[in-house]
Amino acid sequence: STDNGKHAMTIILRDAKQSEAALLNQLGIRLYTHHLQHYWDSKEEMNEYLQQEYSLHTIQHSLNDPAVSWYIVESSTPVGFLKVTWRCHIPGTRQEGTLLNKLYLSPDETGKNYGRQILDAIAEKARERGNDYLWLEVHEHNKRARQFYEKQGMVFIQDFFHKTSTSDVKVHILGKNL
């Protein structure tokens, strides 16, 4: 390994404050684009989606919603973010659980075990709120993400389609008991 014997980096997961909406807006657009732009056929559609999900207004509104939490992931500086909806039904099922809506890390911060630390922390927070199930969606072509989540004990539940103006985007829904 290339860490010269130093311990694995620890990260801090902290609640995003309303005053950090602009930071989440920037991180969201930058990291989503980096990781997922190649899955979009249309740049216009991707930009529409980014506006929907990461506009300042959307994030400010979302930060005020008690059903949702945004977190900033920091090592020495912010290196990523996540968004969680604490109680959410899996589409087309009666199963309810904590939905990990978004988890993105800066490209140079992947492969450092942060993902596992973050998932463990979210599972803990979900359990504290009385939730016993964690689920998420992974884009059908994002094989690395699916493999990562399966390594963390998540299992495939079903496929789901999100409609855009020109296509159906297929995602895999994965979940696990906490």
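No experiment lies behind these values; they were computed from the predicted model shown.
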Given Glu53 and Lys102, is the salt bridge (charged side-chain N to carboxylate O under 4.0 Å, His left out) satisfied, shown in steps? CA-CA 10 Å; Glu53 294 291 311; Lys102 306 177 187 310; 2.5 Å; yes
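- Remark: the backbone N or O of Lys17 is not paired with any side-chain donor or acceptor of Trp70 at under 3.5 angstrom.
- The closest donor-acceptor contact from the side chain of His89 to the backbone of Pro91 lies at 3.5 Å or more, if one exists at all.
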Side chain to side chain contact (heavy atoms under 4.5 Å, CB included) between Leu100 and Thr85: does it pass, once the steps are laid out? CA-CA 7 Å; Leu100 179 54; Thr85 302; over 6 Å; no
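- A 4.5 Å side-chain heavy-atom check between Val84 and Thr98 finds at least one atom pair inside the cut-off.
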Evaluate Glu137 against Lys170 for salt bridge (charged side-chain N to carboxylate O under 4.0 Å, His left out), listing each step before the verdict. CA-CA 10 Å; Glu137 297 178 351; Lys170 182 168 150 187; over 6 Å; no
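- A salt bridge links Glu20 with Arg14: the distance from a Lys NZ or Arg NE/NH1/NH2 to an Asp or Glu carboxylate oxygen falls below 4.0 Å.
- We find the CZ-NE2 distance between Arg146 and His172 to be 5.0 Å, quoted to the nearest 0.5 Å.
- Within the 4.5 Å cutoff, side-chain heavy atoms of Leu56 are placed close to those of Gln60.
- In His57, the NE2 atom is not crowded: 12 or fewer heavy atoms of neighbouring residues, nucleotides or ligands sit closer than 6.0 Å.
- Taking 4.5 Å as the limit, some side-chain heavy atom of Ile122 sits within range of a side-chain heavy atom of Lys125.
- Of the possible polar contacts, one joining the Asp65 side chain to the Ala67 backbone as a donor-acceptor pair under 3.5 Å is found.
- Ring pair Phe81/Tyr104: centre-to-centre distance below 6.0 Å.
- Note: the hydrophobic cluster containing Leu134 also contains Leu103 (ILVMFWY, side chain heavy atoms under 4.5 Å, direct or indirect links).
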Might you work through the side chain to side chain contact (heavy atoms under 4.5 Å, CB included) test for Tyr114 and Glu109, ending with a clear yes or no? CA-CA 8 Å; Tyr114 291 167; Glu109 301 296 335; 3.3 Å; yes
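- By the 4.5 Å heavy-atom criterion applied to side chains, Asn64 and Gln18 are counted as neighbours.
- Of all the heavy atoms in Val138 and Ala145, the pair that sits closest is CG1-CB, 3.9 Å.
- Considering only heavy atoms from C-beta on, Val155 stays 4.5 Å or farther from Glu150 through its side chain.
- Between the side chain of Ser106 and the main chain of Val79, a donor-acceptor pair closer than 3.5 Å is present.
- Transitive grouping of hydrophobic side chains (ILVMFWY, heavy atoms separated by less than 4.5 Å) brings Ile118 and Leu178 into a common cluster.
- In this structure, Glu124 pairs ionically with Arg127, as a charged nitrogen and a carboxylate oxygen lie closer than 4.0 Å.
- Between His162 and Phe160, the distance separating the two ring centers is shorter than 6.0 angstrom.
- Judged purely by atom type and a 3.5 angstrom limit, Thr110 uses its side chain to pair as donor or acceptor with the backbone of Pro107.
- Remark: the Ser69 side chain and the Trp86 side chain contain an N/O donor-acceptor pair separated by less than 3.5 Å.
- Val73 and Tyr149 fall within a single hydrophobic cluster, where Ile, Leu, Val, Met, Phe, Trp and Tyr side chains are chained together by heavy-atom contacts under 4.5 Å.
- Taking every heavy atom of both residues into account, Arg129 and Arg87 meet most closely at O-NH2, 3.5 Å.
- Tracing side-chain contacts under 4.5 Å through hydrophobic residues (I, L, V, M, F, W, Y), one reaches Val68 starting from Leu23; they form part of the same cluster.
- The structure places CG of Asp168 at 12.0 Å from CG of Asp159, a figure rounded to the nearest 0.5 Å.
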Ile173 and Leu136: side chain to side chain contact (heavy atoms under 4.5 Å, CB included), yes or no, with the steps? CA-CA 6 Å; Ile173 297 179; Leu136 49 80; over 6 Å; no
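- Put simply, the side chain of Thr58 never gets that close to the backbone of Tyr54: no donor and acceptor are under 3.5 Å apart.
- Note that NZ of Lys151 is 12.0 Å distant from CG of Leu119, once rounded to the nearest 0.5 Å.
- Side chain of Thr93 to backbone of Gln95: a donor-acceptor contact under 3.5 angstrom is found.
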Begin from the C-alpha positions of Val169 and Phe161 and carry the test side chain to side chain contact (heavy atoms under 4.5 Å, CB included) through to its verdict. CA-CA 5 Å; Val169 178; Phe161 292 89; over 6 Å; no
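- At distances below 3.5 Å, not a single donor-acceptor pair connects side-chain atoms of His38 with backbone N or O atoms of Thr33.
- Annotation for Tyr133 and Ile90: closest pair CE2-CD1, 3.8 Å, computed over non-hydrogen atoms.
- For the residue pair Lys176 and Gln152, the shortest heavy atom distance occurs at NZ-O, 2.8 Å.
- Paired with Leu13 under the rule side-chain contact (heavy atoms from CB on, under 4.5 Å), one option of Asp120, Ile72, Leu82 passes, and it is Leu82.
- One hydrophobic cluster, built from ILVMFWY side chains closer than 4.5 Å, cannot hold both Met154 and Val171; they sit in different ones.
- Taking NE2 of His139 as the reference point, atom CG of Leu36 lies at 7.5 Å (rounded to 0.5 Å).
- In terms of modelled atom types and a separation under 3.5 Å, the side chain of Tyr32 and the main chain of Leu50 share no donor-acceptor contact.
- For the atom pair CD1 of Ile11 and CG of Asn113, the computed distance is 9.5 Å after rounding to the nearest 0.5 Å.
- The shortest non-hydrogen separation linking Cys88 to Trp135 is O-NE1, 3.2 Å.
- Atom CD in Glu48 sits 6.5 Å away from atom CD in Glu45 (nearest 0.5 Å).
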